[in-house]
Amino acid sequence: MTLSKTIAAAMIGSAVTFSAMAQQKPFDYHVDNFADIEVLRYKVPDFENLSLNQKLLVYYLTEAAQYGRDILWDQNCEVNLELRPVLEAIYTNFKGDRNSADFKAFETYVKQVWFGNGIHHHYSMDKFVPGFSSYFFAREFNANKLGDQAKLDRLSKAIFDPAMYAKRVNQADGQDLIRTSANNMYDNNVTQAEVEAFYASIKDTTDLTPVSYGLNTRVAKVDGKIVEQVYKIGGLYSPAIEKIVENLNKAKQYAENDAQRAIIESLVKYYTTGDLKTFDEYSILWAEDTKSKVDFINGFIESYGDPLGMTGSWESIVNFKNDKASHRTEVISDNAQWFEDNSPVDARFKKEKVKGVSAKVITAANLAGDAYPATPIGINLPNANWIRAAHGSKSVTIENITEAYDEAAHGNGFNEEFVIDAPTSKLLDDYLFITDNLHTDLHECLGHGSGKLLPGVDPDALKEHGSTLEETRADLFALYYLADPKLVELGLLDNPDAYKAEYYKYMLNGLMTQLMRIEPGKDIEEAHMRNRQLIAKWALEHGKADNVVELVKKNGKTFVQINDYQALRKLFGELLKEVQRVRSEGDYAAGRRLVLDYAVKFDPELHREVLERYSHLSIAPYKGFVNPVYTPVRDAAGNITDIKVAYSENYPEQMLRYSRDYSPLTK
Ligand code: ZN
C-alpha cells in the first residue's frame with residue numbers, strides 16, 4: 001500500500017536552511033500569514049524557454065485546471081459552495097472598521113476557508129472555529145442582502161454549531177464513518193453498511209484488472225435504493241466538467257505528440273461518459289508517456305478525502321519536466337538493480353529483478369483542486385495496483401515547490417534555535433537542499449518498489465500499521481543509501497560528507513521539531529510523522545551503548561548531537577533489514593511492537609520545550625501556495641503570440657479572482 005502523495009517532509013523540516021548570501025531577495029516568496037498557515041508563492045523557472053506551442057498547452061491546461069475548483073469545494077462539504085460567496089461578499093463589501101476584532105477574526109476565517117477549500121482544516125479535517133460572533137455574521141449577512149432567514153440559519157449553524165459538520169473525514173474505529181464524516185461524497189441518508197453492501201454487490205472479486213470502484217461518484221439513496229451519481233458531462237458537476245473539457249480540447253490542439261493527444265482525448269472521453277474503464281485506459285496512456293515535456297494531472301485522483309478511500313477528490317497539477325534535475329532521478333532509476341542487490345536486507349526478501357520506476361523532476365506551472373493551496377512535493381501515480389504492476393507508474397518530485405519551501409525558510413531563525421552548532425548549520429546550508437531532494441527521489445523511485453513479500457503473505461498483513469511501516473521502509477532505504485559512496489561515484493553528490501546534512505535534519509525532526517504539530521496531550525497519529533519518529537527514536541536507543549546519537553542540554557535547552565554518522569548509517573541499515581523482514585513475512589506482531597514502542601508516544605516535557613521554543617519563531621506549521629498568473633499576449637489580429645507569467649497576485653486577490661472567473665457551480 002503506497003501513499004501516493006508525499007507531503008513536505010514535515011514543513012518545518014524543509015525549513016532548515018538559510019543561506020548566508022540571501023540578504024538581498026529579488027523574489028519575495030512570502031505572501032500571507034494567518035492562523036496556522038503561511039502562504040508562499042513559487043517560481044516557474046524556464047517557462048519562458050518553452051516553445052509557444054508548449055506555452056499554449058500549459059495555458060489551456062491551466063484554464064482547464066481552474067474550472068474544477070468548485071467541484072472540490074462541493075465534494076468537501078455540501079455547504080461550502082453556498083457559504084463561499086456569502087463570506088466573499090461580506091469580506092469585500094464590509095464598510096466598518098476593518099481593524100476591529102470581529103472583522104479581523106472574520107478575515108482569518110475567510111482565509112482559512114479558502115485554504116481548506118471549505119469549512120474544514122485541510123490536514124486535521126476538523127471544522128474551523130470562528131473567532132467572530134454570530135451577531136456580526138447575521139448583521140453583515142442582512143446588510144448585504146445575501147438571502148432569506150432560512151439561508152442565514154443554515155449557514156450560521158454550519159459556521160457556529162460545533163456538532164454540525166464537525167469533521168470532514170472521520171477515521172475513528174467503530175463508528176459509522178459515512179454518517180460521521182461531513183464530506184459530500186455520500187448523501188446524508190446512506191450508512192457505511194449500505195455503501196459497503198452496495199459495492200460488495202457490484203464488485204467482481206475475480207477480476208484481475210478491476211476498475212477503481214466509486215472513484216467518480218457520489219453515493220445517494222433514492223426511493224430507498226442506493227445509487228451512484230456519476231461525475232460527468234450530463235451528470236453531477238456537469239457545468240464544471242463541460243468547462244474543463246472545453247479547455248482540454250483547446251489544449252489538445254497544441255499537444256506535443258500523438259501520445260499526448262491520445263491522453264487528452266481519452267480523458268475527455270472519460271469526462272464525457274464517466275466510464276471507469278476509460279479512466280483506466282487514460283491512466284495507462286498517461287503512465288506510459290515519458291517523452292512529453294509538458295504533463296498534467298486532471299481528475300478525481302486521490303481518495304484521502306473519502307473515509308472509505310474510494311472516491312477521488314478533484315485535483316489538477318500542470319507541469320513540465322525539469323530536464324537538468326531529472327538527470328538525477330534517471331541515474332537512480334537506471335541503477336535500481338544495483339541498489340536492490342547491495343541493500344542490507346536479507347537476500348530472501350530482495351527482488352531478483354527490480355522494475356525501474358520512471359522518475360522525473362518537474363516544475364509545477366499551476367496547482368488546483370485538492371493540490372491547492374496546500375500541495376504535495378512528490379507524486380506517484382496512477383493509483384490502481386494492477387496498472388502499476390503491468391504498465392509502471394510515474395514518480396515525480398516537484399522541485400520548484402521544494403525550492404520555494406527552502407528559500408522561504410531563509411533567515412527564519414530555525415537553525416539558530418534548534419541546530420546544535422555553527423558547523424552543523426553550515427552543513428545544512430550547503431547540503432540540505434540537495435540531500436533532501438535526493439532523499440525524496442530515493443524514497444519514491446526505489447524505496448517503495450524495493451523488496452518482495454514471501455509467497456502467500458497477505459499484502460495487508462500489517463493492517464492498521466501498514467502505512468506507517470511502508471513509509472518507514474521507504475525512508476530507511478533512502479537514508480541508508482544517502483551515505484553510500486555510490487552516490488558520489490554516480491555524480492549525484494560532490495562531497496562524501498553531504499549526507500550528514502539530511503541525517504542531522506532527520507534526527508532533529510524525528511526526535512524533536514516535528515512535535516510542534518502535535519497538540520498537548522495527543523499522540524502522534526499521521527503515518528509519515530509516525531515513521532519519522534520510529535526511525536529516529538529507534539536509532540537513538542539502539543545507538544545508546546556506543547553513544548552514536550544523544551540529546552544534550554545547552555543553556556537549559558535540548559539539542560540533538562550526532563557523534564558518529566557512519567554508525568548511524570549502520571543503525572539505519574539494521575532497522576531497514578528488520579522492517580523489510582516484518583513486511584516480507586507479514587509479521588504483524590513485530591510491526592505493531594515497533595510502531596507502539598517508538599512511533600506514537602513521546603516525552604511530554606520535551607514536547608512542551610519544543611512548543612515553547614517554536615513560539616518565539618514565526619514559523620507556521622502548514623504552508624501552501626498561490627499560483628502565478630498567466631496572461632496571453634495577442635497581436636492585432638487576436639492571435640496569441642506569447643504567454644506571460646506574473647507573480648504579482650496576493651492571496652485574497654487570487655481567491656476572489658478564481659471565485660469570480662472560474663465558478664461554474666456557484667449560483
Ligand atoms: Zn512514501
Side-chain angles (χ1 to χ4, degrees), residues 1-11 13-14 123 287 297 301-304 309 317 328-329 332-333 336 339-340 343 345 351 354-362 370-371 374-385 388-389 392-399 401-402 405 435-453 459-460 462 464-482 502 505-506 509-510 514 524-536 572 575-576 579-580 582-584 591 594-595 599:
M1 172 188 356
T2 308
L3 295 172
S4 58
K5 84 181 168 184
T6 309
I7 47 173
M11 316 302 163
S14 39
Y123 196 82
I297 295 160
I301 309 292
E302 306 283 7
S303 55
Y304 302 87
I317 299 179
R328 205 175 66 212
T329 50
I332 290 171
S333 279
F339 286 100
E340 183 77 0
S343 89
V345 162
K351 276 194 179 131
V354 187
K355 211 176 162 80
V357 175
S358 122
K360 62 180 176 177
V361 178
I362 61 169
D370 203 29
T375 196
I377 56 169
I379 313 164
N380 193 332
L381 290 172
N383 278 331
N385 284 323
R388 298 170 75 92
S393 64
K394 271 197 234 177
S395 172
V396 303
T397 306
I398 314 176
E399 193 151 302
I401 296 296
T402 61
Y405 278 130
T435 53
D436 231 3
N437 278 324
L438 271 172
H439 180 271
T440 306
D441 298 338
L442 289 163
H443 173 117
E444 297 287 349
C445 309
L446 303 180
H448 282 304
S450 72
K452 65 173 183 191
L453 301 182
D460 293 326
L462 302 177
E464 74 273 24
H465 302 303
S467 297
T468 296
L469 291 165
E470 177 56 21
E471 295 307 318
T472 303
R473 199 173 69 88
D475 259 3
L476 285 165
F477 196 95
L479 287 166
Y480 179 79
Y481 276 118
L482 262 182
E502 179 69 15
K505 184 217 95 173
Y506 200 94
N509 187 49
Q514 74 165 358
I524 299 179
E525 286 184 42
E526 200 271 330
H528 292 85
M529 288 183 70
R530 281 190 169 183
N531 106 63
R532 289 176 193 133
Q533 179 173 297
L534 195 166
I535 292 171
F572 289 153
L575 184 55
L576 172 59
V579 173
Q580 183 62 56
V582 165
R583 164 122 176 103
S584 293
L594 276 175
V595 173

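Both counts, for ligands and for their atoms, begin at 1 and track the order of listing. For the single chain, residues carry numbers from 1 onward in sequence order. Computed from a prediction, not measured in an experiment: that's the story for all the values here.
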Does Glu444 bring an N, O or S atom to under 2.8 Å of the Zn ion (ligand 1)?
no
Stepwise side chain to side chain contact (heavy atoms under 4.5 Å, CB included) check, Val579 with Leu594
CA-CA 9 Å; Val579 173; Leu594 276 175; 4.0 Å; yes
Which residues share a ring-ring contact (aromatic ring centres under 6.0 Å, His included) with Tyr506, sequence neighbours left out:
His439
Could you check if a side-chain atom of Ile301 sits within less than 4.5 angstrom of a side-chain atom of Asp370, using non-hydrogen atoms only?
no
How wide is the angle at the Zn ion (ligand 1) spanned by His443 NE2 and Glu471 OE1, rounded to 10 degrees?
90°
Metal check, the Zn ion (ligand 1) vs His528 N/O/S, cut-off below 2.8 Å:
no
Could you tell me whether Glu525 atom CD has more than 12 heavy atoms of other residues or ligands within 6.0 Å of it?
no
